[in-house]
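Ligands are counted one by one from 1 in listed order, and the atoms in each one are counted from 1 as well.
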Amino acid sequence: MSDERLVELAIEAREHAYVPYSHFAVGAALLTADGSVYQGCNIENAAYTPSNCAERTAFFKAIYDGERSFSTIAVVGGPEGKPISDWCAPCGVCRQVMREFCDPDSFRIVLARSTDERRSLLLRELLPEGFGPEDLGHPAPAAKDGGAA
Ligand code: THU
């Protein structure tokens, strides 16, 4: 799948954002190694801290389905109700969630401020010297393991 198409799917996902507090709507589209796409939006909460970012929504949907191998995530964000016009980079917590499941040297994060204006970054660039499963003596998470089909 092209980066342009993945960004389109992130823009579509952004329409689902639940953002009554920040009014900042984010969308993500996560591409698995075998070509499936999981979309996510941010979901806020009156108590603030339970809020979930778009990137983690996409990851958690995919993990639930048994996906364990990921290629790229596209992320778009900006004030609710307006077209995107600026870059929106993943927060530190989301970068750490990516680090759990993704190879820092190959997993790509595609930021976009329009479908035509895109930047592709490696996870290693966004989270240098990160801490991952292998630092606790664990292997990288296993490939698809028979989660819900
Ligand atoms: N947010 C995301 O969903 N992803 C990002 O990459 C940055 C921030 C959300 C969290 C919160 O709902 C809102 O944007 C404002 O911080």
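- Residue contacts with ligand 1 include P90, since one of its heavy atoms falls under 4.0 Å from the ligand.
- Note that the CD1 atom of I73 and the CG atom of L121 stand 13.0 Å from one another [nearest 0.5 Å].
- No continuous path of ILVMFWY side-chain contacts below 4.5 Å connects L6 to F70, so the two sit in separate hydrophobic clusters.
- Considering backbone and side-chain N/O atoms, S51 never comes within less than 3.5 Å of an N/O atom of ligand 1.
- With G27, G40, C53 as candidates, the residue nearest to atom 8 (C) of ligand 1 on a non-hydrogen basis is C53.
- In this structure, E134 pairs ionically with R99, as a charged nitrogen and a carboxylate oxygen lie closer than 4.0 Å.
- Near E55, with a cut-off below 4.0 Å to any heavy atom, the atoms of ligand 1 are 2 (C), 3 (O), 4 (N), 5 (C), 6 (O).
- Under the 4.5 Å side-chain criterion, counting only non-hydrogen atoms from C-beta, N42 is not in contact with R56.
- Contact between A89 and ligand 1 is present, with at least one heavy atom of the residue lying under 4.0 Å from the ligand.
- Side-chain atoms of R124 never come within 3.5 Å of backbone atoms of D105 as a donor-acceptor pair (strictly under, hydrogens ignored).
- Between E44 and ligand 1, an N or O atom pair is found at a separation short of 3.5 Å.
- Between N42 and ligand 1, a contact under 3.5 Å exists for at least one N or O pair.
- Ligand 1 lies less than 4.0 angstrom from a heavy atom belonging to C88.
- A donor-acceptor pair under 3.5 Å links the side-chain atoms of S51 to the main chain of N45, judged by distance alone.
- For atom 16 (O) of ligand 1, the nearest protein heavy atom lies 4.0 Å or farther away.
- No donor-acceptor pair under 3.5 Å is formed between the side chain of E55 and the backbone N or O of C94.
- Side chains of R14 and V26 form no contact here, defined as non-hydrogen atoms less than 4.5 Å apart.
- The ligand atoms of ligand 1 that sit less than 4.0 angstrom from a heavy atom of S22 are 13 (C), 15 (C).
- Under a 4.0 Å criterion applied to the non-hydrogen atoms of V26, ligand 1 contributes the atoms 1 (N), 2 (C), 3 (O), 4 (N), 9 (C), 14 (O).
- Of the N or O atoms in A54, one or more lie within a sub-3.5 Å distance of an N or O in ligand 1.
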